[in-house]
Amino acid sequence: MARVVVDVMLKPEILDPQGQAIARKLPQLGFEGITGVRQGKRFEVEVDGPADAAALGRVRKIAETLLANPVIETFELRVE
Amino acid sequence: MARVVVDVMLKPEILDPQGQAIARKLPQLGFEGITGVRQGKRFEVEVDGPADAAALGRVRKIAETLLANPVIETFELRVE
Amino acid sequence: MSPARVGVITFPGSLDDRDAARAVRIAGAEPVPLWHADHDLQGVDAVVLPGGFSYGDYLRAGAIARFAPLMAELVPAAHAGLPVLGICNGFQVLCESHLLPGALLPNAGLHFVCRDQRLRIDNVATAWTSEYAKGQEVVVPIKNMDGCFTADAATLAELESSGRVVARYLDVNPNGSLGDIAGITNEAGNVVGLMPHPEHAVESLTGPTTDGLGFFTSIVKRLVNA
Amino acid sequence: MSQVDSVSVALQTPGQPQPYKELGMQDDEYQRVREILGRRPTSAELAIYSVMWSEHCSYKSSKVHLRQFADKAPQTDILLVGMGENAGVVDVGQGWAVTFKVESHNHPSYVEPYQGAATGVGGIVRDIISMGARPVAVMDSLRFGPADAPDTRRVLDGVVRGIGGYGNSLGLPNIGGEVVFDKSYAANPLVNALCIGVLRHEDIKLAAAPGPGNKVILFGAGTGPDGIGGASVLASATFEEESHKKRPAVQVGDPFMEKLLIECCLELYREDLVVGIQDLGAAGVSCATTELAAAGTGGMIVDLNAVPLRDATLRPEEILMSESQERMMAVVTPALVPRFLEICAKWEIPASVIGEVTDTGRLIMTWHGEVIVDLPPRTAAHDGPVYSRPMSPPPELAALQADSPGRLHRPSNADELRRTVLWLAASPNLASKEWVTSQYDRYVLGNTVLAMPEDSGVLRLDDETGLGIALSLDGNGRYAKLEPYAGAQLALSEAYRNVAVTGARPLAVTNCLNFGSPEDPGVMWEFARAVEGLADACLALGVPVTGGNVSFYNQTGSTPINPTPVIGVLGVHDDVRRRVSMAFAAEGTTLLLLGETRGEFGGSEWAHVVYGQLGGLPPMVDLRAEAALASVMVTGCYEGFFAAAHDLSDGGLSQALVESCLRGGLGCQVTLPGDPFAMLFSESVARAVVAVRPGFEGHVAALCEQAGTPVTRLGMVGGDSLNVALQTAEGAQPLFSIPLQELREAHEQTLPRYAG
Ligand SMILES: Nc1ncnc2c1ncn2[C@@H]1O[C@H](COP(=O)(O)OP(=O)(O)O)[C@@H](O)[C@H]1O
Ligand SMILES: [Mg+2]
């Protein structure tokens, strides 16, 4: 059993209303010095067996079709 | 300017309905060999100035008070 | 005798604030609009945190609203016994503020769900449920994206053993909530959080039933008798 | 900093080539701009003209036809604001007014279904706010490829989530719409969103910038690089040294910002702080500034550097063309600017003064102190090109009309009839839409009296008097394909009838015309015929068109979608407490069929579902009968004669009975007077089934007699199954019986199977 992490973020040119709303709020909560926040998703995918090329290929396919929306998001895989 | 990443995940003992729904969907879509999925959040926080101890301290405070809900979530910081 | 005054807080993104005020009025009390950015509870006798998407439900439902200046007034007042009802987003804010235990996660089906939901009222000792009979079954709309009540096992056991589950879903669990929990109360019984929307079941013209009115008449009766 | 293409530069470089073709402008259009200005346009001016003269903003192909809505408008004094403004405003009595409009967001919804649909809702809601109204509800008319087509699930799921995600977050109940599946929409879904707003007569706001010296304020979201593909062409053509990042093809909505905008605008209106206001939709700042100036004193100066940016690298052309969502522009007298900004701050909404109204007749914009735009605003806003495009009936039309469904085998015995009832009830277009509508909040605001799956959405406007409105949104692309003139009239008929069966008096019309390419003479002919049909029918029924939207270029390759006029009808309830629902919930009430049934199957659901056939002619339009039926319904509902009423449309009587039984949880016993196949499945217009309260049968008969509406007694409400018999010389012969449970399963399992 191994764990593959998939990080999904909005493409940089796509508006992130959530991140912006958080960033706007920080100074009111007394937090200074933050110039931007972007919010994305993190998935921990447990694969049966080792995180070999085949398993990574499968997770990549899952990320492409289900976890990320390729029109507006990018993703990265990482083995943990 | 530096970027601090905050990964927020549900505590292991907390049920993750989103992750479960995805995991349930996978076999229907023809993806085999995945034993579990957990969904969390990833924040990219841009700090003004270097990611030194002070900046990290500030981001940690933000994560504790706002980005993560300590009742159900844990978080980790990372400088990218 | 002047009617009881029940405050209804509006946060940026609150949606059911007018509806909650109407329900308060129909129950015979005076609704008092409260603004999240004020520091003044205006001496109200009870408070409703209405449904909606405060701050767009961005980050986590209720997570940002919890920091509103008015919440800094509300939390100690609630600890001191002020009756507080959080509906849907209001429930989420109460959990984020730690006035109630647990948290509300996205629905298990990953869809927004709007339906007329059958519920059982399990605790009629709270400030907001005294007008119901124990075990009474009611139909009230539910409509939310993040309605899956979750808590760790110890908290859940504690809620169950102390009878603090106020209402449970019947027939269908619309959001995967643990123990079919639709609403809970704090130990003192003055703070109640509910996922379903009783304020949308107070008139036969616009609601599926008038079963929700009891939450509002309960508080009115209590305030009048107090 | 790179050189700016200012007016003085343009004067010095008259021969500089400009990328007007890439911006979608024709040679002669570009020449006209040069004539208007007496020089070549600057790139900022070219940006403005190219978007303002686009099909989307200028209606250049449709204008000559749309005029009929005004030319043939019925005599009426209910229109407080007519066509041409952001949305029409209708007097609904007691000092109240209603504004409503439907708009398409088809293409973006195919690329990115969630955001496309979400921003579609956002855009139409801003139109309604800009009239001075509080938005009170939304509706959505959706068309997708076949339910079992590979890409449908993606589009359907995303669009429904997007409509819900945005509308639910605004606190606007969704009170109705349509979901239709047909192969013609497979790579070109239709997403038409409607918004309804309510205001007092005296609160109407207009998009005009009067009063020299008044300030122009841009408020709402920051301006970012959204929807400016064209502008990037321009910017990179003019400023080659600049490395232009990839600009997003997708606009993302921020419903939270829009909710704040709604509340903020309403507070600004309450304090009477604006003299003119306009939402920013397509063409963004270009459109808002030229239209406001053209409709006002005539001039405006704008400092583009004052526009708050989300992306500091934006060029002025890009700022002008950006379609960033959740922005509004207001004109405010100088003394009131501080209070205006204070209210924006209260709602945490960024706002900046970006310009001033003038009486020079020129729109002047500066960038770092240089004049980059100097043009007469009317020429951009109103004097765009107008085309009378060639048109002729599509070549395949004659063959299509000749292929009547008469050749198809009809169910010939009781068993086949029974199976056909179930088959239709379970077909994707007629099946329960619960999977969709349960993702929409129909309760918020506490004024929803009827909503899905009822015939119309019904809202209470006034708690005291019970004044209310009803709205329905309908279209039928198959009918319009067979005969576009009739098709548009049939869509109007259906929406009109849906409103009337709840007891509301139909008042006014909005429309969204979804067609293929106007450069295709066949499509253009379909469009012209549909507009003519709609205008004629509105005149005949006495309901004016108050506004609408045209969406062209809905096609895949050279194959256009079925022409799809989607029509919204607004009706008024003097007392909404008297509305009638479609639910069979009162045992022992008498079932009547109102209207005349002919054997009409062209374009029917039956032919579509059972044979996948489309041919022949659609049902005969009968507006006189439609108006008569409506008068019966309005009076009968008001008088309390009816326990239930449901209009007959797609799927005919069969489907109407199924829906009313399932809605109310009671069955019925009906005896058909003639050919059971035609009685059950014909789609003849101007019909409704009503359940009459005991003791009122005579009143209803008299009412129908007076109106000239034929009445057929069908049977009674009651039991737990749908029982159908045939009237014969020997009496009623039972045909078939279907338990409600079996009907429910058939009706409710289809959509979850395809969509879930
Ligand atoms: N996209 C949608 N959004 C909201 N309501 C919808 C949608 N699609 C269908 N509905 C509702 O479902 C019900 C059934 O739709 P339909 O059969 O098309 O009605 P009708 O034939 O009376 O126009 C109606 O109440 C309609 O308003
Ligand atoms: Mg109907």
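Protein chains get the first letters and strands the later ones, always in sequence-line order, with residue 1 at the start of each.
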From [X] [atom1] over to [Y] [atom2], what is the distance, rounded to the nearest 0.5 angstrom?
X	Y	atom1	atom2	value
B:R38	A:E46	CZ	CD	9.0 Å
A:F43	B:I22	CZ	CD1	4.5 Å
A:K41	B:Q39	NZ	CD	6.0 Å

For B:R58 and A:E32 the tightest heavy-atom approach is NH1-O, 2.8 Å

Okay, A:I34 and chain B: the region with an atom under 4.5 Å from a heavy atom over there is both

Whatever's closer than 4.5 Å to a heavy atom in chain B on A:K61 counts as both

Most heavy-atom pairs under 4.5 Å with chain B, out of A:V47, A:T35, A:V37, belong to A:T35

Checking heavy-atom separations under 4.5 Å from chain A, one finds in residues 2-12 of chain B B:D7, B:M9

In terms of heavy-atom pairs under 4.5 Å with chain A, the winner among B:V45, B:L67, B:D48 is B:D48

- Message: Could you tell me if the side chain of A:L26 sits less than 4.5 Å from the side chain of B:L66, heavy atoms only?
- Response: yes

- Query: Are A:V59 and B:F31 close enough that some pair of their side-chain heavy atoms sits under 4.5 Å apart?
  - Reply: no

Open item on the list: Does B:E76 have more than 12 heavy atoms from other residues, nucleotides or ligands lying within 6.0 Å of its CD?
Closed with: no

